[in-house]
Amino acid sequence: MAEQITPRSVDYSRWYTDVVRQAELADYAPVKGCMIIRPYGYALWENIKAGLDRRFKETGHVNAYFPLFIPMSFIEKEAEHVSGFAPELAVVTHGGGKRLEEPLAVRPTSETIIGHAYAQWIRSYRDLPVLINQWCNVVRWEMRTRLFLRTSEFLWQEGHTAHATAEEAIEETLRMLGVYADFAINDAAIPVIQGKKSEREKFAGAVDSYTIEAMMGNGWALQSGTSHFLGQNFARAFDIKFLDQNNELQYVWTTSWGLSTRMIGGIIMTHGDDQGLILPPVLAPIQVVIVPIWRSEEERTNVLEAAGRAKAQLAAAGVRVKVDDREEVSPGFKFNDWEMRGVPVRMEIGPRDVTRNTVVLARRDRPGKEGKTFDVPADGVAEAVKALLAEVQAALLQRATEFRQANTHTGIRNYEEFKEVLAEKGGFLRVHWAGTGEDEDRIKEETKATIRCYPLEVEEGPGRCFYTGRETERVAIFARAY
RNA sequence: CGGGGUGUAGCUCAGUUCGGUAGAGCGCUCGGUUUGGGACCGAGAGGCUUCGGCGGUUCGAAUCCGCCCACCCCGACCA
């Protein structure tokens, strides 16, 4: 492809957009802020879905589907919820050519309509817990959009659970946060920090919000999934009550948790390089691409035959494999093309390999000759490939973890230092924090950095808040965020 | 919503200053030579009289004027 990808160092956000479009993950739609998810991008989403859905089922959840349209009055029932979401609602006022008696919100999230259903379904403590997830689209009228990271419409899953006690609901909230972290780390190879959101950053209507925060290639943070303890806020708003074992009427305790197509943006910005995408093998739609190389007709026949055998062997071993037998482009073109698309392992088979009964393996995470292994025996190659895929998966996680470590700054003593480090180095600023919400607002205004989370794992012990100078045990991570 | 920018071939854009009847590169199609790191040569198709839309000025508008629309960038905003 003659089109070039803008180098990351030149313009990170153009690099991102170039990768998304040239790797054919997504395209702009005719409507502002909307995107078309192309087959390659959707295949990636399907693999994300599969990895999460399996984990949801393993933790006892079932899938269901609730409607796209929500009566406006529902949204208005929970005070914080309406003030948080009203500005970004898409509202349907007409249907069938007539003005509707009550406008319908296109769901920005489904706590309200699901709360309405739960109020009808839940009567007794024996009905609890309710553990439901749905896969769907939601719409939020965002001012400024970016492919995958923030679009007016996006795909996600939203889990909604109801419990008899606060303890149980909190346990569920943290369990699902752990599920997200497990998925991010082991499937997406994205090291994430589990933490709690500050009051300023929490979900509209939640008691507590938890998040997994990832660091992107430019040092910015990406909120990659959230899990909320909703207390009894929605139970009271929607009258979700049950009779407990003492025959007393109680409000349920609810949670909600979501992870969206934004994760795709996170994968791109965690692993990608100037050649384009690098996909973690567990999620890659194509794990191995076979590029056959030939000159003569005879070589062509032999090479394609060998490629076919290798493909069959890999497919039988459960590897997602594709043979690129296009005749109109050269092998060199194909190498670059598949590197741009992030395929983790490439297998080259040429005339020399056919005579020796070998193949060449190249790993995407190490560019050029360094990542190539020659003379790999063709017999039993599936085992070698599977080992290499696992190696690439581990290497990606390790590289991202080291990058995050190198760009996480500690020991910041005062606000001046804070500003200096943020401006010069960027990344995560891990600090002791005893400030107020107003302090947080001021810092955001002056530096654009926000509290990404209070990490759940803290080994620092008590220390002095860099902003207020007060002693505190609380640790916060500040960063610029998407 | 404020500031800036752009709408011309599938894509990237030139042509607008100073009105004269639409171009280039890439891509695409066909043929041939190529193929172990982004190949080359030749021929060709492609713009509903058409340049985002509507209206105006003019013998004549992609070009000048007015209004509108869309998208992009920067802000404000944003689980």
Side-chain angles (χ1 to χ4, degrees), chain A residues 1-5 11 13-14 17-18 21-22 27-35 80-81 83-89 108-111 138 140-147 149-152 154 156 158 196-213 222-230 256-260 262 275-276 291-297 299-300 303 324-340 346-354 358-360 362 367-369 371-372 374-375 444-445 448 450 452-453 481-482:
Chain A
M1 216 130 301
E3 291 138 277
Q4 291 296 311
I5 294 172
D11 184 338
S13 76
R14 264 187 64 193
T17 308
D18 286 351
R21 303 202 57 193
Q22 287 182 38
D27 227 333
Y28 290 109
V31 177
K32 175 183 163 63
C34 293
M35 69 172 167
E80 281 186 30
H81 196 66
S83 62
F85 280 105
E88 49 186 87
L89 281 184
T109 179
S110 303
E111 278 75 8
V138 287
R140 299 176 188 184
W141 217 259
E142 301 284 0
M143 287 292 144
R144 217 173 135 196
T145 55
R146 273 162 174 289
L147 294 170
L149 298 174
R150 180 175 295 111
T151 45
S152 301
F154 57 90
W156 77 343
E158 46 179 329
K196 191 169 168 177
K197 281 287 176 190
S198 71
E199 281 300 303
R200 284 291 188 277
E201 297 278 330
K202 79 176 191 193
F203 176 72
V207 172
D208 285 317
S209 283
Y210 295 85
T211 175
I212 50 170
E213 295 285 327
L222 184 74
Q223 175 177 306
S224 309
T226 48
S227 185
H228 312 291
F229 171 55
L230 304 174
S256 69
W257 25 276
L259 186 149
S260 73
R262 171 183 267 193
Q275 298 296 310
V291 177
I293 299 155
W294 66 76
R295 281 198 183 79
S296 65
E297 256 322 288
E299 284 172 351
R300 178 177 179 274
V303 163
D324 185 357
D325 55 4
R326 285 179 290 177
E327 310 237 3
E328 67 274 17
V329 290
S330 67
F333 180 93
K334 292 176 185 177
F335 294 170
N336 286 288
D337 198 34
W338 291 110
E339 277 169 11
M340 193 259 294
R346 178 180 70 240
M347 182 185 292
E348 303 168 17
I349 302 180
R352 285 206 301 274
D353 299 296
V354 171
T358 60
V359 303
V360 176
K369 277 240 157 59
K372 277 198 186 190
F374 297 88
D375 298 320
K444 179 178 179 180
E445 198 177 314
K448 292 185 175 172
T450 52
R452 302 320 305 154
C453 68
Y482 278 99

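Chain letters run A, B, ... following the sequence lines, proteins first and then strands; every chain starts at 1. On a predicted model such as this, the values are computed, not experimentally measured, just so you know.
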*asked:* As an exercise, state the distance from CD of Glu80(A) to CG of Leu230(A), rounded to the nearest 0.5 Å.
replied: 11.0 Å

*To the nearest 0.5 Å, how far apart are CD in Glu158(A) and CG in Leu259(A)?*
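With rounding to 0.5 Å, CD (Glu158(A)) is 12.5 Å from CG (Leu259(A)).
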
*Would you kindly check if the NZ (Lys) or CZ (Arg) of Arg346(A) is within the cone defined by 45 degrees around the ring axis of Phe335(A) and under 6.0 Å from the six-membered ring centre?*
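Yes; both conditions hold, so Arg346(A) lies above the ring face of Phe335(A).
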
Per [X] side chain, nearest of listed nucleotides [options]:
X	options	answer
Glu339(A)	G38(B), G36(B), G37(B)	G37(B)
Asp353(A)	U35(B), G37(B), G36(B)	G36(B)
Phe335(A)	G38(B), G37(B), U35(B)	G37(B)

Could you tell me how far apart [X] ([atom1]) and [N] ([atom2]) are, to the nearest whole angstrom?
X	N	atom1	atom2	result
Arg300(A)	U34(B)	CZ	P	15 Å
Asn336(A)	U35(B)	CG	C1'	14 Å
Trp141(A)	C1(B)	CH2	C1'	16 Å
Met35(A)	C72(B)	CE	P	13 Å
Met340(A)	G37(B)	CE	P	19 Å
Phe333(A)	C40(B)	CZ	P	12 Å
Ile293(A)	G38(B)	CD1	P	12 Å
Trp338(A)	G37(B)	CH2	P	19 Å

So which nucleotide does [N] pair with, by the Watson-Crick or G-U wobble rule with both distances under 3.5 Å?
N	answer
C78(B)	none
C51(B)	none
U34(B)	none
U6(B)	A70(B)
U21(B)	none
C28(B)	G44(B)

*If you find the nucleotide of RNA chain B closest to Ile349(A) and the one closest to Ser13(A), which residue's nucleotide is nearer the 5' end?*
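Whichever sits nearer the 5' end wins; that is Ile349(A).
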
*State whether the number of non-hydrogen atoms from other residues, nucleotides or ligands found under 6.0 Å of Glu327(A) atom CD is greater than 12.*
yes

*CH2/Trp156(A): more than 12 non-hydrogen atoms of other groups inside 6.0 Å*: yes

*With Ser256(A), which residues qualify under side chain to side chain donor-acceptor pair (under 3.5 Å), at least two apart?*
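Result, side chain to side chain donor-acceptor pair (under 3.5 Å) vs Ser256(A): Glu111(A).
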
Take atom [atom1] in [N] and the same atom in [M], then report the distance between them in whole Å.
N	M	atom1	result
C40(B)	C71(B)	C1'	38 Å
G53(B)	U63(B)	P	10 Å
U58(B)	C64(B)	C1'	10 Å
A43(B)	C48(B)	P	26 Å
A14(B)	G7(B)	C1'	15 Å
G52(B)	U17(B)	P	15 Å
A62(B)	G20(B)	P	9 Å
G3(B)	U21(B)	C1'	38 Å

*Given side chain to side chain contact (heavy atoms under 4.5 Å, CB included), test Val207(A) with His228(A) step by step and report yes or no.*
CA-CA 8 Å; Val207(A) 172; His228(A) 312 291; over 6 Å; no

*Can you find a donor-acceptor pair, distance only, under 3.5 Å between Arg346(A) side chain and G37(B) base?*
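For Arg346(A), whose side chain was compared with the base of G37(B), there is a donor-acceptor pair (under 3.5 Å).
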
*Looking only at N and O atoms, is any donor in the side chain of Asp337(A) or the base of G38(B) less than 3.5 Å from an acceptor on the other one?*
no

*Give a yes/no on whether any side-chain N or O of Ser330(A) is located under 4.0 angstrom from OP1 or OP2 of A39(B).*
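Affirmative; the distance criterion is met.
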
*Mind checking salt bridge (charged side-chain N to carboxylate O under 4.0 Å, His left out) for Arg352(A) and listing every partner two or more places apart, or none if nothing turns up?*
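Residues passing salt bridge (charged side-chain N to carboxylate O under 4.0 Å, His left out) with Arg352(A): none at all.
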
I'd like a table of atom pairs between the protein and nucleotides 75-79 of chain B - only N or O on both sides, under 3.5 Å - with the distance next to each one.
residue, atom, partner, partner atom, Å
G75(B), OP1, Lys448(A), NZ, 3.2
G75(B), OP2, Arg144(A), NH1, 3.2
C78(B), O2', Glu88(A), OE1, 3.4
C78(B), O2, Arg150(A), NE, 2.9
C78(B), O2, Arg150(A), NH2, 3.0
A79(B), O3', Glu201(A), O, 2.5
A79(B), O2', Gln223(A), NE2, 2.7
A79(B), N7, Arg140(A), NH1, 2.1
A79(B), N7, Arg140(A), NH2, 2.4
A79(B), N6, Arg140(A), NH1, 3.1
A79(B), N6, Arg140(A), NH2, 2.4
A79(B), N3, Gln223(A), NE2, 3.4

*asked:* Given Ser209(A), which partner from the list Lys202(A), Gln223(A), Lys196(A) fulfils the side-chain contact (heavy atoms from CB on, under 4.5 Å) test?
replied: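 When Lys202(A), Gln223(A), Lys196(A) are each tested with Ser209(A), the side-chain contact (heavy atoms from CB on, under 4.5 Å) holds only for Lys202(A).
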
*asked:* Taking any heavy-atom pair under 4.0 Å as a contact, classify Val360(A): base, sugar-phosphate, or nothing.
replied: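 Answer is base: heavy atoms of Val360(A) come under 4.0 Å of a base.
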
